[in-house]
Amino acid sequence: MEREGRVRKKWEEDGTFQRSIANREGRETYVFYEGPPTANGLPHAGHALGRTIKDFVARYKTMSGYQVLRKAGWDTHGLPVELEVEKLLNIRGKDQIEEYGVENFIQKCKESVFTYENEWKQFTKALGYWVDMDDPYVTLTNDYIESVWNILSTIHEKGYLYKGHRVVPYCPHCETSLSSHEVAQGYKDVSDLSVTAKFRLMDKTNEYFLGWTTTPWTLPGNVALAVNPKMNYVRVKQGTEIYILAESLVTTVLQEDYEILEVVAGKDLIGLSYEPPFDYVAVKNGHKVLGADFVTDSSGTGIVHLNPAHGEDDYKVIHDNNFDYVNVVDSKGRYKEMVSLLAGKFVKDCDVDIIKMLSQKNRLFAKQKYEHSYPHCWRCDSPLLYYAMEGWFIKTTAVKEAMQANNQEVEWFPSHMKDGRFGNFLNNMVDWNIGRNRYWGTPLNVWVCKTCGKEKAPSSIKELRKLSAAEVPADLELHKPYVDKVQLACSCGRRMERTSEVIDVWFDSGSMPFAQYHYPFEKKDMFNKQFPADVVIEGVDQTRGWFYSLLAVSTLYTGQSPYKRVLSLGHILDEDGQKMSKSKGNALNPTELIQEFGADALRWALLADSSPWNNKRFSKKTVSQAKSKVIDTLLNVYTFYTMYAEIDQFDPSRDVGGVQTTLDRWIVSRLNTVVKEVVQSLDAYDITRGARSITVFIDELSNWYVRRSRQRFWSSGMTDDKRSAFSTLYEVLTKLSQLMAPYTPFVSEDIYTNLVNDSVHVSDYPKPEESLIDIQLENDMNAVLEIIELTRSARNITGIKTKQPLANLAVIPTDAILSNLHHYSPIIKEEVNVKGLEFRKDFRDLLQLHLKLNFAVAGPKLGKSLGEVKNILEKLDDQLKARFVEGGELQLTLQSGEPVNLTKEDILLEKTAKDGYALGEGTNFIILLETTVTKELKEEGLVREFIRAVQSYRKELNLPVDLRVVLYIQTDSWLQEVLVKFAPLVERNLIIKAVHFEHKPMMRSFQVEEYEVKLYIQS
Ligand SMILES: [Zn+2]
Ligand SMILES: [Zn+2]
């Protein structure tokens, strides 16, 4: 893409991006926040969509008069980086990291963060995304972290940052817990086993509780069984054994051949002791039946197995009853030593082993496969475990109502996000699990005294120094392990140590409105100007990610929403509607698409094809069509203009005005209508509708205005007509390139710069000039185009080429308003190549009408006379047909003398053209084209074919378009006669000095219909 490279180079040399911002100094700001990508992975098609729309909005708002700063950002912390480094070092898990050394590990993380920075920069530039990558915010810097600390300190001070015990989603591979919004990103459908196990009642040999669980691997850690105190249970005999289960589930579970011995109230089961199926753990308090409201009879047996380490409900009820806490699973998700037979195995892989062991001990009652959606780690893809942990939480639930109220003020695209996906997520929010037991991240700035339990959360480096028990190094890096070496002096006289966690990376990115300017330590003015954002734009998955964390952090910190508007983009799918992914091999590489078709084509395809809010099917074909239909068509028009402007030395500042033709007034009217439509669409963020208006216009410009105006540019000298043609096309191309600049910044820049000699991106977006809009003219021209289209397809059907002139075209408007088109007769006649054109009210002399029964309606009405009526209709005379067409009613008499009355609903009216005519039917017109080719018409057709042959030969010879040549012709004497007869037509269409019918050496032979013609062109 030579053109795009050239434009890019010019932008860099001229500092055009910087100029587009400086240009708007002092004007109203339009605030845009860049969601930070991570630079340790390559950009994909989704990034292309996001970055295209971000750039689009920023360019449009800039051209509309706003100042739009665009600070880039990089998300640099967190597990993904650590996992990359683990892979690189070929180590796995925390033990090996400790062994490798935390400081070395952190250094490696820092190095790996920008692995693909160069690729990102190249991609961003190639796509034409203007964003300030020279001064980005980077989440790993001390300044950024200090701002985050300030926010966390404020939250701590409000009492919203607390240490709690929770059963949390936990990734055994990453060895860290995940926040609920992280979990929400990784659900997958899996098949698992549920189990009904037998728990023998203490002191009974053959009586069992039937306990149910969907996680068989948790059975070795069983501590209790839960029943619902309000439900009824039964003792049932089946075979030689007695079971206890919910009364309402007996048939479902036992099916048949059972005998109910006794009905027992759930509350009366509470306190009964049982023997657990496995004896790996001894408990002081436990292995008894508890009452719990969450037990239902909607599935299972109405009795639930409880393990305090892996279920939120389980943990709570066991804790409330003072039963023992046990955990037989280690931090890597493996059974501990005590589960001797399975020790060291990953628990999720042991369901089948557990079931086998139950069966061997006669403790298995039933097993069942079931499909469900199970959370997986969004980074490493491991199945998550629910795991009881101690950790740090932010009490987001305390500001839930404020967040909901803030959300109500936000304008969402698409609008249903507000109360739908995002609103629901807010309604169901839980406290933010903020701590991560990992290494590479913003260290949680909470210091705790082990002796007296006091906590301190320093709000700045300065405060940290003040509170420190010892000198803090001047160049302290706010990362592990360096900050861990700082101890604070506690008021009790002992030392406080930092809690070891780093924080959730989503808190980093959620803090960017503040931290990008090192707020509140620096640049307060800048912050005030750039808060809140007018817009944030990311993929729909960020409803649980960045959109959420931005709102949470800002509401906690300032009480305000950080954004006024959110554009939530759909996913890019492949042609078959599948999500693109590297593993499926259906992912499109945006960099390759840019190389093949250009960034303009890629951007246009992304923006024009379908609404960005919905998931979009996307393929190479979409991009190649955008190139051929839009970009190349525009370029053809532009090339045509520049070619003739050069020949005629057209100077837009000098050669203004001229005498406008109807066509000129029409294209100017259309231009202003399109400007109006596009501005309205874009102000409503309807980028796709704007693109569609432009697409229609480019087609009209190229295939109608320019094509119809060609000859005007061929005449020699600068006539008034020619001047008007030039001025009009100049005006149209200038405004069109401005309209398109946010969509296709490269080709727009190229065209505009050549026309106006300045960058299109520092110009003001066009405004419609209402006085130049002529709706009547636009409607008329639309009608003309419809007539031409109808006539062309009539020609196609009969197989008569447009080059062959025909005698007559009859046009019958179906709508009276459109009958006044006589004015356009010359254009229509020339376009469809007919000698005569008549607008008529009546067409019956040219048509045959066929009246056919509409069986669906008339069938039931006519019953057995259907066949007779059908026959009568087939033989109906023209007069009666005409009467039906006029009156919409037809009275017939059957042989039996019975009258039949038929209405419009009963009859389908079909028309066919009479012999020698072809019919075209459209919404507003019916046309009838006379198809008889007379000798005279045939001759003229041949001459036109001849002209076409000469024109293509000229093109082949690459002769300057305005060069007058001498034409030598050698052909059959009859054709020669015809050519002489039609000499004026030949001269009008070919730029020639003279014609000679004589032989020349090196003549080139052409076929004109069935005749051979030899040509020689002397320039
Ligand atoms: Zn993981
Ligand atoms: Zn203390």
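Remember, it's 1-based here, ligands and their atoms both numbered in the order they're listed. Remember, it's a predicted structure, so these values are computed and weren't measured experimentally.
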*Aromatic centroids of F547 and F422 separated by under 6.0 Å*: no
*Atoms named by residue and atom, protein N, O or S, within reach of the Zn ion (ligand 2) (under 2.8 Å)*: C449 SG, C452 SG, C490 SG, C492 SG
_Centroid-centroid under 6.0 Å between F514 and Y557 rings_ = yes
*Report yes or no: do Y162 and E455 form a side-chain donor-acceptor pair below 3.5 Å?*
no
*Charged N-O contact under 4.0 Å between E117 and K121*: yes
*Evaluation steps, ring-ring contact (aromatic ring centres under 6.0 Å, His included), between Y33 and Y563*: CA-CA 9 Å; Y33 289 164; Y563 43 66; 8.4 Å; no
*Kindly write out the residues that satisfy side-chain hydrogen bond (donor to acceptor under 3.5 Å, both in side chains) with H376, not counting sequence neighbours, or none if the list is empty.*
none
*Charged N to carboxylate O below 4.0 Å: is that the case for K54 and E538?*
yes
_Cation-pi, Y100 ring and K108 (6.0 angstrom, 45 degrees)_ = no
*Quick one: how many protein N/O/S atoms are under 2.8 Å away from the Zn ion (ligand 1)?*
4
_K163: which residues meet the salt bridge (charged side-chain N to carboxylate O under 4.0 Å, His left out) condition with it, sequence neighbours left out?_
E390
